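Take a look at the structure set out below.
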Amino acid sequence: MTDRQEGFRGWASDRKGAVSRLRFTSLRLRLVVVFGLVALTAAVSASGIAYWLNREAVLTRTQDAVLRDFRQEMQNRAGALPVHPTQDELQRTAGQMANSSQRFSVLLVGEDGNGKTVYGSSDGLSAFALDDVPTSLRKAVDKRQKVTDSDKSTYHLYWQRVVDHGTPYLVAGTRLIGGGPTGYMMKSLEPEAKDLNSLAWSLGIATGLALIGSALLAQAAATTVLKPVHRLGVAARRLGEGKLDTRLQVSGTDELADLSRTFNDAAEALEKRVDDMAARDDASRRFVADMSHELRTPLTAITAVTEILEEELEAESGSMDPMIEPAVRLVVSETRRLNDLVENLMEVTRFDAGTARLVLDDVDLADQITACIDARAWLDAVDLDAERGIHARLDPRRLDVILANLIGNALKHGGSPVRVSVRIEGEDLVIAVRDHGPGIPEDVLPHVFDRFYKASASRPRSEGSGLGLSIATENARIHGGSITAANSPEGGAVFTLRLPRDASALAEESKDGGNAGNAGESGTAGEKDA
């Protein structure tokens, strides 16, 4: 494909996108269309009514003048003819009648002394003959009417409008009362038709101008109405982006001004609430961090004492009083649990504060997983399916924390054997940890990575703190990866860890977050209290 073709396709795609955006999803376009339709309807209605009224007025005025003149000519000139006129007399009288002020063509029909029908036509229109008069009009003219008290005329004047070869005409006829010729008149209405056509064009142009004016008015109204709406949309987007100090400038007292004031009040209330929540969250994090640091000093002394007591318990001399031996064992186990909890809390506060960072190194996955399993004496309970030679650039300590939590969780709550498999998908590294236990209840799956979440209310004092999987998830996220939990169709739960093979870019970003420090960071197995 040539550059020209690609450019044309890009232009066509952009134009298609612009047209699709201009469809009735645009409030501005809808306002213009509505204004245009209203203006068009009003203009067409007004123009139609004006045209009809003017047409009737023009035609009626012309018609009345012509018929009045024709009637007068019939009474004065045709009425002066004898009862049985000759053709010459009819021809002469028709020419005189046609020379009236209205200039119409005349046809006179009579009978001569021998009873023969004779015709006399003017020269106003060539070949104006009886065939040019509609049959219905001739019948009406020749029909003798009944004489009444209110109307003593036996014959009436009738008229009709006809169109011949595109030219409108007024045709009229009447018969003299008391004997004499029958007269017909034809008057061209072409001047009036031209005037009416000019009027129609003028009204059409006025309608077009009204439509254009309405479009401009709609555009102005849309700009006036939509500008505050646009500002409101921009402010809402800024507010959604976290710029809580966004406010609208309020002017006027209309509904849009009220909406702007409402937006400002809502933004102010939201900013205050978010600030309060952030302050409480910072205070909570500081409290947890301070408490964890404060607990480490007495925990160090307590741990030293518990180690001595544990040595006494394991000594073969049996110097420990059997009565207090259970209490000593409980103190030792709870001290270890408390120490793990404090370390986990300190790790969580680092993630919350954004100070956790990566220390990357080239890692052989098979060796790393084997070392993690061997350090915790899980070799007999875990099956490893990982080819040697799969390398990744990750943080070894944090990867060990993730693996220890996932594998220890599977052993504790799932059941042996636990299978760990490693595969490569594109640029990602996928580690799956599957157990052979009963699986995870469906209502628990969405919460397995929540902090302090425990699925069973019957064991609120389990050995786990409910932070292990949460810490594993945070360690995966800081690598740019993720952990998902699901139930295998073959039974048991499957935890899938997905990490990029090279987390160098994320390591550079994490350096800006501060130094997390390595002292006291937990590397022990976590818990699946869910």
Side-chain angles (χ1 to χ4, degrees), residues 333 336-337 340-341 344 363 365-387 390 392 394 398-425 428-477 479 481-499 522-530:
S333 64
R336 288 177 178 172
R337 181 170 177 270
D340 291 342
L341 176 61
N344 288 338
V363 176
L365 269 297
D367 293 343
Q368 179 74 20
I369 299 174
T370 301
C372 175
I373 296 172
D374 185 40
R376 294 161 179 84
W378 292 338
L379 287 175
D380 295 337
V382 178
D383 294 334
L384 177 60
D385 180 13
E387 297 181 2
I390 299 178
L394 304 169
R398 295 188 182 279
L399 179 60
D400 182 77
V401 171
I402 298 172
L403 294 172
N405 276 287
L406 295 181
I407 298 173
N409 184 76
L411 290 172
K412 185 183 299 182
H413 300 288
S416 301
V418 172
R419 182 177 179 82
V420 180
S421 60
V422 181
R423 67 180 185 276
I424 297 175
E425 293 183 1
D428 292 339
L429 181 69
V430 180
I431 303 175
V433 179
R434 179 194 167 196
D435 60 46
H436 287 76
I440 305 173
E442 293 297 329
D443 60 329
V444 175
L445 272 175
H447 306 287
V448 292
F449 298 107
D450 294 350
R451 296 176 183 177
F452 298 107
Y453 182 80
K454 297 182 180 181
S456 176
S458 61
R459 55 183 183 92
R461 283 190 51 79
S462 63
E463 294 182 2
S465 63
L467 290 174
L469 289 181
S470 175
I471 292 175
T473 302
E474 294 294 341
N475 278 301
R477 186 177 294 117
H479 278 89
S482 62
I483 304 177
T484 57
N487 288 316
S488 173
E490 301 173 0
V494 180
F495 285 81
T496 304
L497 169 65
R498 183 180 294 271
L499 297 174
S522 174
T524 60
E527 306 81 23
K528 183 183 74 174
D529 290 322

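By convention here, the first residue in the shown sequence is residue 1. Here the structure is a predicted model, which is why all the values come from computation and not from measurement.
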Measure the shortest side-chain to side-chain distance between [X] and [Y] over non-hydrogen atoms and say whether it is less than 4.5 angstrom.
X      : Y      : answer
Glu387 : Val422 : no
Ile483 : Ile402 : yes
Asn405 : Asn475 : no
Ile369 : Val382 : no
Thr370 : Leu384 : yes
Leu469 : Phe495 : yes
Arg498 : Thr484 : no
Leu406 : Val420 : no

Identify the two heavy atoms, one from [X] and one from [Y], that lie closest to each other, and give their separation to 0.1 Å.
X      : Y      : value
Val448 : Ala485 : CG2-CB, 3.9 Å
Ala392 : Leu429 : CB-CD2, 4.2 Å
Leu499 : Gly481 : CD2-CA, 4.1 Å
Cys372 : Ala404 : SG-N, 3.7 Å
Ala410 : Val433 : CB-CG1, 4.1 Å

To the closest 0.5 Å, what do you measure between [atom1] ([X]) and [atom2] ([Y])?
X      : Y      : atom1 : atom2 : value
Ile424 : Leu365 : CD1   : CG    : 8.0 Å
Leu445 : Ile440 : CG    : CD1   : 5.0 Å
Gln368 : Ile373 : CD    : CD1   : 10.5 Å

So does Asp385 pair up with Arg434, basic N to acidic O under 4.0 Å?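 No, no charged N to carboxylate O under 4.0 Å.
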Checking Asp435 side chain against Gly492 main chain: does a donor-acceptor pair fall under 3.5 Å?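 Pair absent, no side-chain N/O of Asp435 close to backbone of Gly492.
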